[in-house]
Amino acid sequence: DAGVIQSPRHEVTEMGQEVTLRCKPISGHNSLFWYRQTMMRGLELLIYFNNNVPIDDSGMPEDRFSAKMPNASFSTLKIQPSEPRDSAVYFCASSPSTLGGQPQHFGDGTRLSIL
Amino acid sequence: QKEVEQNSGPLSVPEGAIASLNCTYSDRGSQSFFWYRQYSGKSPELIMFIYSNGDKEDGRFTAQLNKASQYVSLLIRDSQPSDSATYLCAVRDDKIIFGKGTRLHILP
């Protein structure tokens with residue numbers, strides 16, 4: 001089975017530019033999560049969806065960040081305008097549901113560098 | 001603010017010895033507990049999960065949960081150099097919260 005697929009793997013762009021990260025969850029998984037990982041702050045949950053509906057976006061740092069899930073097989077995380085402090089590894093993860101102890105399966109991540 | 005605390009390490013353990021990784025959490029209502037392993041430059045991968053008090057064994061790995069003490073641990077027996085990685089503890093109730101991880105270094 002294919003795992004969680006993220007694109008691009010690496011992104012380098014100048015501050016002020018729009019950045020769009022993409023994620024395809026594992027087929028049949030109903031929950032999708034976006035994380036950001038830095039050395040200083042560790043792995044932080046930004047937002048998660050259940051059945052394509054955003055459930056909790058309290059981790060989204062500010063209005064420059066937005067996330068969508070138009071269907072069960074695709075999600076985007078957009079940063080506009082980007083800033084150097086947004087540089088991090090962004091992971092997408094999916095799980096069968098948000099109920100109980102369903103573990104999450106992570107994609108390979110997008111390493112984002114904002115110059 | 002729900003928190004998951006781990007010693008950042010590095011924890012250095014001789015090859016063949018038992019590595020013990022610890023984690024405490026603040027939310028007494030947490031129901032599910034996970035250990036992820038993350039190699040440098042890679043994504044976290046699930047290695048163990050536990051829901052009930054007590055021990056759960058899977059090969060060389062044993063997860064231990066004590067809900068009364070709000071404490072979860074991971075034991076790695078017969079440590080191998082390939083076990084060198086960062087180990088993330090995760091706790092889940094309505095959403096999952098990760099600790100910042102413990103770096104484990106197995107000394108050949």
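The figures here come from the full heavy-atom set of this structure, side chains too, leaving out hydrogens, waters and symmetry mates. So you know, we letter chains A, B, ... as the sequences are listed, proteins then strands, and number each from 1.
Within the 4.5 angstrom heavy-atom criterion, atoms from both the backbone and the side chain of A:Leu43 approach chain B. Using a 4.5 Å cut-off between heavy atoms, A:Arg41 contacts chain B through its backbone alone, with no side-chain atom that close. Only the side chain of A:Asp56 comes within contact range of chain B, with at least one heavy atom under 4.5 Å from a heavy atom of that chain. A:Phe106 touches chain B through backbone and side chain together, each having a heavy atom under 4.5 Å away. Interface residue B:Gln38: only side-chain heavy atoms are found under 4.5 Å from chain A. With a 4.5 Å cut-off on non-hydrogen atoms, A:Thr38 does not touch chain B at all. With a threshold of 4.5 angstrom between heavy atoms, A:Gln37 approaches chain B through side-chain atoms but not through N, CA, C or O.
B:Tyr36 pairs in a ring pair (Phe, Tyr, Trp, His ring centres under 6.0 Å) with only one of the listed residues (B:Tyr87, B:Phe49, B:Phe98), which is B:Phe98.
Within the structure, disulfide bond (SG atoms under 2.5 Å apart) contacts touching residues 70-108 of chain B (residues at least two apart or in different chains) are B:Cys23-B:Cys89.
Taking B:Thr86, B:Ile96, B:Leu46 one by one and counting their heavy-atom pairs under 4.5 Å with chain A, the maximum is reached by B:Ile96.
A:Gln80 contributes no side-chain N or O that, together with a main-chain N or O of A:Ser66, makes up a donor-acceptor pair within less than 3.5 Å. In this structure, B:Asn53 contributes its side chain and B:Lys67 its backbone to a donor-acceptor pair below 3.5 Å.
Residues A:Arg85 and A:Pro61 have side chains not in contact (no heavy-atom distance under 4.5 Å, counting atoms from C-beta outward).
A distance of 12.0 Å separates OH of A:Tyr90 from CD of A:Gln6, quoted to the nearest 0.5 Å.
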